[in-house]
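Single-structure report; data block below.
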Amino acid sequence: MLRMAPFPSGALHIGNGRMIFVNDYYRRRYDGRLLLVFDDTVGSEEKRLDPEMFDLIREDLELCGAAPDAVYYKSDLIPNHYPWARRVIEAHAAYVCTCPAELLRRNRAEGRPCPERSQGSEATLEAWEGMLGGRYGPGEAVLRLRTDLSDPDPAFRDRVLFRISDLDHPRVGRRYRVWPLLEFSWAVDDIELGVTHVVRGKDLVMEDRMQQAIWRILGVTGPPFLHWGLLRVREAKISKSKSYAEVKSGVYDGWADPRTWSFRALDRRGIDPRALRHFTLSFGLSLADIEVPAETLYAENRTLIDPKALRRSFVEDPVRLEVSGYPTSLASVVLPNHPDRPELGTRAVSAGSTLWLARRDLEVHLGGEVRLKDLVNVRLPARLDTGATSATAEFTSLENKRLPRLQWVSARDGVAVDLLGVEGEHRTGLGEAALLSSPPGEVLQFERVGFVRLEADTRPGVEPVRACFGHP
RNA sequence: GCUCCCGUAGUCUAGUCCGGUCAAGGAUAUCGGGCCUUCGACCCGACAACGCGGGUUCGAAUCCCGCCGGGAGCACCA
């Protein structure tokens, strides 16, 4: 029995991959069950809960092929925690501390006990009832574990177990005022939910010790812990709070904006969840923090989509090219949809003496002889003025010469294309007519540009054809 | 500062627990070549690593000690 516990503050992104795929891996391998437990205790002013995230996260897990066997909300489980707190108090292992937060922190750092530390179970129980009964306001009292004030790790000295908060919780409102903190709540829930193995990030290793300390006090045996280190993708500068702000303000195109590196954004880019799974699991469960170039993920994805992505032409920032001497009989060509897989069929592509070429291609090869791929050879003009929208070239031959090969689109039936880039930029240009008949969500390869995925809400026949860039 | 963790090629990883089969394997990147119509894929080849110093041992990437470097945690957040 495994569990994952995301804090519902945003869509799941590639940095959360280890939580998802590692847990799911163990579930499958040992035929276990995987719970999704929303860690939605009340949070803090800085860490607000957004109720929209619950569904968002469930969808993300579904998308990753890691849907949970059951879903729990911490906020529903709060009443379970109070009896446990009582048991800890009765074991004389906790006390109610009414020091201001500042003083508490200072005392902890210096290893000095707060006055209430010596209080007996009776008094603690009485004060605890007072906490539950509303005798104290937020910040006026906490329940602390009595550990060892000389513990070398200051973080471990008399941790706070419960605190008082009157924040309005999106699911349960103000039903509870006394909220457990992470370690205590998991000490309870891992037992009550029957969790047998905890696999979580290494940022939570200290919490292992806390949970174990609580279990020891109560004489229960809890599950073992496994941890993974941080996984960063070099190109992905992920900031959940920034994403949150930009999504809310509309600067980003929702949670599927490529800049979020969320799973839904990666899906939109045509990155197969299986590639993400394989990519993530390839790092094992190492405790080291790692940074991997996105290229590694792209390579993984390429092996999946390359065999099925149909090839299409797209020219960015097009320039109109008149080809003098163009053989008039060559009005169209029939091209394979995939160079290595004839079974994927062919399509007819219109050609002609007037064609569109990508400005960049033209600029790089000015004055040179090039091959318009699958068509003819031409000599490009020697110069192209900045901002020029047309140019002329000269037909040289039909023969398949070994020249730089450039993409082109017919002036007769080229269609407008709007390609959304990884940085949220829009790259506009023209694509070949066959794009109009591709279904939404189709993954294609724009030759010499990269793999793209048609946006899910595109309609065949409607211009501009909108696509999202995946990777080279 | 304190606590814990981690150091194998540019990057990620296998091997470390139980020393020899590791003159270190794979992936990715890069470079070269092939494939005569993609800057993609595929095929072939090249490049390139056990952080440093001691010790134990017939033998150390693997065990021990020290050092150096990197990371994470140190909330009345999760």
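Remember, predicted model here, so these are calculated numbers, not experimental data. Note on naming: letters A, B, ... go to the chains in the order of the sequence lines (proteins, then strands), and numbering restarts at 1 for each one.
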Minimal non-hydrogen separation, A:Arg177 against A:Gly137, with atom names: NH2-CA, 3.8 Å
Using OP1 and OP2 only, check whether a side-chain N or O of A:Arg144 sits under 4.0 Å from B:A75. no
Between the main-chain N or O of A:Glu399 and the side-chain N or O of A:Arg371, is there a donor-acceptor pair closer than 3.5 Å? yes
Contact class for A:Leu182 vs. all strands (heavy atom < 4.0 Å): base, sugar-phosphate, or nothing? base
CG of A:Asp166 versus C1' of B:C76: gap in Å, rounded? 13 Å
Categorize A:Pro100 for me: base, sugar-phosphate, or nothing, with a 4.0 angstrom heavy-atom threshold over every strand shown. base
So what does A:Val142 hit on the nucleic acid, given a heavy-atom distance under 4.0 Å: a base, only sugar-phosphate, or nothing? base
Counting only side-chain heavy atoms from C-beta out, which of B:C6, B:C12, B:C76 sits nearest to A:Leu104? B:C76
Atom CZ of A:Arg232 to atom C1' of B:A72: distance rounded to whole Å? 10 Å
Find the distance A:Arg200:CZ to B:C5:C1' and express it as a whole number of Å. 15 Å
Span that lies between the C1' atom of B:A48 and that of B:C67, in whole angstrom: 27 Å
Assign A:Gly139 to base, sugar-phosphate, or nothing according to its heavy-atom contacts below 4.0 angstrom with the strands shown. base
Using a heavy-atom cut-off of 4.0 Å across all strands, would you classify A:Ala101 as base, sugar-phosphate, or nothing? base
Can you check the distance between B:A14 and B:G7, where both ends of the measurement are the C1' atom (answer in whole Å)? 16 Å
For RNA chain B, please output the secondary structure as dot-bracket, reading 5' to 3'. Pairs are Watson-Crick or G-U wobble, both atom distances under 3.5 Å; mark crossing pairs with [ ], other-strand partners with |, unpaired with a dot. (((((((..((((......[....)))).(((((.......)))))....(((((..]....))))))))))))....
Whether the side chain of A:Gln445 and the base of B:U38 hold a donor-acceptor pair under 3.5 Å is what I'd like checked. yes
Expressed in whole Å, how much space separates the C1' atoms belonging to B:C68 and B:C31? 34 Å
From the list B:A78, B:C76, B:G40, which nucleotide is the closest neighbour of the side chain of A:Pro339? B:G40
Inter-nucleotide C1' distance (B:G70, B:A23), Å rounded: 30 Å
Looking at CG of A:Leu435 and CZ of A:Arg347, how far apart are the two atoms once the value is rounded to the nearest 0.5 Å? 9.0 Å
Any idea which of B:C12, B:C6, B:A41 is nearest the A:Asp340 side chain? B:A41
According to a strict under-4.0 Å criterion, is A:Thr41 in side-chain N/O contact with OP1 or OP2 of B:A78? yes
In this structure, how many angstroms lie between the P atom of B:C12 and the CG atom of A:Leu297, rounded? 16 Å
Sole candidate of A:Arg146, A:Glu129, A:Gln119 that passes side-chain hydrogen bond (donor to acceptor under 3.5 Å, both in side chains) when paired with A:Thr124: A:Gln119
Counting side-chain heavy atoms from C-beta on, which of B:C76, B:U28, B:U13 comes nearest to A:Ile290? B:U13
Got a donor-acceptor contact below 3.5 angstrom from the A:Ser262 side chain to the A:Trp255 backbone? yes
For the side chain of A:Asn400, starting at C-beta, report the closest nucleotide among B:C36, B:A72, B:U28. B:C36
Could you check if a side-chain atom of A:Leu287 sits within less than 4.5 angstrom of a side-chain atom of A:His227, using non-hydrogen atoms only? yes
Rounded to whole Å, CD of A:Glu235 lies from P of B:C12 at a distance of 13 Å
Separation between the P atoms of B:A27 and B:C63, rounded to whole Å: 27 Å
Do any N or O atoms from the side chain of A:Arg453 and from the backbone of A:Gly441 form a donor-acceptor pair under 3.5 angstrom? yes
Nearest to the side chain of A:Lys373, which nucleotide is it out of B:U28, B:U37, B:G40? B:U37
At under 4.0 Å, does any side-chain N or O of A:Arg302 touch on OP1 or OP2 of B:A41? yes
Rounded to whole angstrom, note down the C1' distance from B:U21 over to B:G10. 30 Å
Can you measure A:Arg159 atom CZ to B:A75 atom P for me and round it to whole angstrom units? 7 Å
Counting the atoms with a prime plus P, OP1 and OP2 as sugar-phosphate, which does A:Asp208 contact under 4.0 Å by heavy atoms, base, sugar-phosphate, or nothing? nothing
Spacing of A:Lys401 atom NZ relative to B:C36 atom C1', expressed in whole Å: 14 Å
So does A:Arg209 get a side-chain nitrogen or oxygen closer than 4.0 Å to the phosphate oxygens (OP1/OP2) of B:C74? no
Looking at A:Asp306, is its backbone amide N or carbonyl O close enough to the side chain of A:His338 to form a donor-acceptor pair, meaning the two atoms are under 3.5 Å apart? yes
Given B:U38, B:C12, B:A78, identify the nucleotide with an atom nearest to the side chain of A:Arg311. B:U38
Should the pair A:Tyr298 and A:His471 be assigned to parallel (<30°), tilted (30 to 60°) or perpendicular (>60°) ring geometry? parallel
For A:Leu204 and B:A75, give me the distance from atom CG to atom P, rounded to whole Å. 14 Å
Of the listed nucleotides (B:U11, B:A75, B:G40), which one gets closest to any side-chain atom of A:Phe451? B:G40
Toward the 5' end of RNA chain B, by each residue's nearest nucleotide, A:Glu291 or A:Asp306: A:Glu291
Could you work out which one of B:C76, B:C5, B:G73 sits closest to the side chain of A:Arg105? B:C76
Give a yes/no on whether any side-chain N or O of A:Ser286 is located under 4.0 angstrom from OP1 or OP2 of B:U13. yes
Base, sugar-phosphate, or nothing: which does A:Arg341 touch, judged by heavy atoms less than 4.0 Å apart? nothing
Of A:Asp39 and A:Arg371, the one whose closest RNA chain B nucleotide lies more 5': A:Arg371
Residues A:Arg311 and A:Asp374 bridged, charged N to O under 4.0 Å: no
Kindly indicate whether the side chain of A:Glu207 and the base of B:A78 share any N or O donor-acceptor pair separated by less than 3.5 Å? yes
For residues 160-168 of chain A, which side-chain N or O atoms pair as donor and acceptor with protein atoms under 3.5 Å away, sequence neighbours left out?
residue  : atom : partner  : partner atom : Å
A:Arg163 : NH1  : A:Gly43  : O            : 3.3
A:Arg163 : NH2  : A:Gly43  : O            : 2.9
A:Ser165 : OG   : A:Leu167 : N            : 3.2

Can a donor-acceptor pair under 3.5 Å be found between the side-chain atoms of A:Arg405 and the base atoms of B:U38? no
Given the C1' atoms of B:U30 and B:U57, what is the spacing between them in whole Å? 41 Å
What distance, rounded to whole Å, do you find between the two C1' atoms, one in B:C58 and one in B:C42? 49 Å
From B:C74, B:C36, B:A75, pick the nucleotide closest to the side chain of A:Arg402? B:C36
